[in-house]
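Accompanying notes for the structure given below.
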Amino acid sequence: WTFKALAAHNTAEVDQRGVFPFPYGRAGGFGTNVVLSGARLWEKLTSDTLQLSLGTAVKSGNALHRISFGIDRDETRDDGFMAFANLPFVMTDLSSNVRPAWGEPAVPAAANQQRNSSTSTVVYVQDQIQMGALHLHGSLRHTRTEAKDRYLDWGINNQSTNNKVTPRLGAVYNASDVLSFFGGYSQMARVPFGSLFSVAPKMEEAEQKELGLRIKGWKGVSATAALFDIQRKNAAVADPVNMGLSVQTGVQQAKGLDLDLRWQASPSLAWIAAFTHQTAEITQDTNAAWVGKRLFNVPEQTLRVAARYDVRQGDWRGLGLGLGATHRSSLAGDTSNTFFTPAVTLVDAQASYKRGSMRYSASLTNLLNKQYFAPMAYFGGGQVVPGMPRSLVVGVSTHF
């Protein structure tokens, strides 16, 4: 028997000042003039987690069972507020270089305008079975969630309690030392946390199916190919009636093909390639206009190719160089698919050098400094944000 326990406490805090334009998301008939106001966003999130598990191994005939039981509990609290400057809004001509004076937003009397909290308790049992070349997995999880979603300034005071039992099944068959086949089915349930809902939220659910094969170590090649079908129910999307609030849509589905290839051409040279093609759309919804729409910010195709060369001997032993490119197709800018951002291909490079216990590294993203835009999730989409320009990250690490 093996007993494991994990306890964790996490805290994250944001105190951010910015400028908010009025009217938001549209020209408003003022030409290059826009009304600006200073804004302040404060948020503090705390989370306490406890995980307990008990496991054992049992031999029965030619089958080896690895059985485990466990309980996971998570308590999360999310407090915050958004405040605008008390000074009158400032009309600013964006075509000029004159910047208006900053107006400091005042902290609201009830500083915690937003008070969200959730509790999730999961009890599970699982069995992993090995019978020669066949590996099986089965588990059952019971999830209970309690959530409070409060934002008093907006009249929101939602409370909900939900229970769900979810199964997980999987199988792997090793046809040979290099070839195996796998398949799986699983369900998931969780608190739809992090949004302001017009009505008390239901539990967010998901269902995943996959079927594929894996090649390992055949003439330096390792590869995985899988067909997948993922359905997500009760996902949070922007409320089309109440700006800034969210509603839960019916069913979102993503299905397609995922390929992953690695070729160790020589002890020093490695190639990788990954490709995903998927159809991701809303398949059921009470809003008939959304049915058949592509999912916000999800590409139909992604492709990654890269090579890395590591010097194994000589004076430059420990030096590694890499070059790669990532492509993604167009992205839906909002749930209604009113616009799409163009496809983009970005090049990146890496270098590292290891000497003794020290390792030095550098990576360049967007090597060609390509200018592009990506959808922005603010207020549920409908805007774009410039992509990251050429960026350099350096690092030094050691072990002892």
Side-chain angles (χ1 to χ4, degrees), residues 128 130 132-135 137 170-184 210-228 254 256-278 298-329 343-370 372 387-400:
Q128 294 175 294
Q130 181 179 348
L134 182 63
H135 302 258
H137 172 92
V172 177
Y173 177 72
N174 298 323
S176 68
D177 292 338
V178 299
L179 177 64
S180 60
F181 299 90
F182 62 88
E210 61 177 347
L211 186 66
L213 61 87
R214 181 176 293 112
I215 298 172
K216 183 178 181 181
W218 178 72
K219 296 183 179 181
V221 174
S222 297
T224 301
L227 296 170
F228 63 88
L257 172 67
D258 189 38
L259 301 173
D260 196 348
L261 173 68
R262 179 181 176 88
W263 176 36
Q264 193 71 44
S266 72
S268 296
L269 180 61
W271 294 85
I272 64 170
F275 174 73
T276 299
H277 176 83
Q278 62 181 329
V298 177
E300 289 187 329
Q301 294 94 24
T302 57
L303 174 65
R304 168 73 176 168
V305 291
R308 180 175 175 86
Y309 187 86
D310 290 286
V311 180
R312 303 293 184 184
Q313 56 187 351
D315 294 339
W316 291 98
R317 180 181 179 182
L319 175 65
L321 300 173
L323 184 67
T326 302
H327 171 83
R328 63 147 175 81
S329 58
V344 65
T345 301
L346 302 176
V347 180
D348 57 86
Q350 305 83 36
S352 63
Y353 182 67
K354 186 176 181 181
R355 179 64 68 182
S357 62
M358 301 296 296
R359 186 178 187 275
Y360 310 89
S361 63
S363 62
L364 271 171
T365 56
N366 196 1
L367 181 64
L368 304 180
N369 203 28
K370 185 176 183 64
Y372 67 100
M388 285 288 291
R390 183 189 297 117
S391 303
L392 172 66
V393 177
V394 297
V396 179
S397 61
T398 186
H399 66 271
F400 53 87

Item to complete: Would you please classify the geometry between the Y353 ring and the W316 ring as parallel, tilted or perpendicular, with 30° and 60° separating the classes?
Response: perpendicular

Worksheet item: When rounded to the nearest 0.5 angstrom, what distance separates OG in S391 from CG in N366?
Response: 7.0 Å

Practice prompt. Measure the CH2-CD distance between W271 and Q264 for me, rounded to the nearest 0.5 Å.
Written response: 12.5 Å

Worksheet item: Just wondering, more than 12 heavy atoms not from R317 lying within 6.0 Å of its CZ?
Response: no

Worksheet item: For the side chain of Q278 and the backbone of P299, is there at least one donor-acceptor N/O pair under 3.5 Å apart?
Response: yes

Discussion item. Which heavy atom of A223 sits nearest to which heavy atom of L261, and what is that distance?
Written reply: CB-CD1, 3.8 Å

Discussion item. For F182, does the six-membered ring have the charged nitrogen or CZ of R214 within the cation-pi criterion, i.e. under 6.0 angstrom from the centroid and within 45° of the normal?
Written reply: yes

Practice prompt. Scan residues 257-269 for pairs that pass salt bridge (charged side-chain N to carboxylate O under 4.0 Å, His left out), counting only residues two or more places apart or in two chains.
Written response: none

Worksheet item: Does a side-chain N-to-carboxylate-O contact under 4.0 Å join D310 and R308?
Response: yes

Worksheet, complete the sentence: Between L323 and A349, the two heavy atoms sitting closest are CD1-CB, 4.1 Å

Response to the item:
Residues V305 and A273: closest non-hydrogen pair is CG1-CB, 4.2 Å

Worksheet item: Hey, what do you get for CG (L211) to CZ (F181), rounding to the nearest 0.5 Å?
Response: 9.5 Å

Practice prompt. Look up atom CD in Q130 and atom NE2 in H135, then write down how far apart they are to the nearest 0.5 Å.
Written response: 4.5 Å

Worksheet item: About how many Å separate CD of Q313 and OG of S268, when rounded to the nearest 0.5 Å?
Response: 7.5 Å

Fill in: Check against side chain to side chain contact (heavy atoms under 4.5 Å, CB included), F228 and T276
CA-CA 10 Å; F228 63 88; T276 299; 4.2 Å; yes

Practice prompt. Evaluate the side-chain proximity of R359 to S352: yes if any heavy-atom separation is below 4.5 Å, no if none is.
Written response: yes

Worksheet item: Is there side-chain contact between K370 and V344, with at least one heavy-atom pair below 4.5 Å?
Response: yes

Item to complete: State, with a plain yes or no, whether a side-chain heavy atom of T398 is found less than 4.5 Å away from one of M358.
Response: yes

Worksheet entry | Partner residues of V394 under the side chain to side chain contact (heavy atoms under 4.5 Å, CB included) criterion, sequence neighbours left out | A362, L392

Worksheet item: What closest approach, in Å, do L321 and A351 show between heavy atoms, and which atom pair accounts for it?
Response: CD2-CB, 3.8 Å

Worksheet entry | Straight-line distance of L134 CG to S180 OG, nearest 0.5 Å | 11.5 Å

Fill in: S329 (side chain) donor-acceptor with A343 (main chain) under 3.5 angstrom
no

Worksheet item: Below 4.5 Å, heavy atoms only, C-beta onward: do R390 and L364 meet side chain to side chain?
Response: yes

Discussion item. Is the shortest side-chain heavy-atom distance between L346 and Y372 below 4.5 Å?
Written reply: yes

Item to complete: Applying salt bridge (Lys or Arg N to Asp or Glu O under 4.0 Å), name anything that partners R304, two or more places apart in sequence or on another chain.
Response: D348

Discussion item. Could you go through R328 and T302, starting from their C-alpha distance and side-chain angles, then the distance that decides it, and tell me whether this counts as side chain to side chain contact (heavy atoms under 4.5 Å, CB included)?
Written reply: CA-CA 4 Å; R328 63 147 175 81; T302 57; 4.2 Å; yes

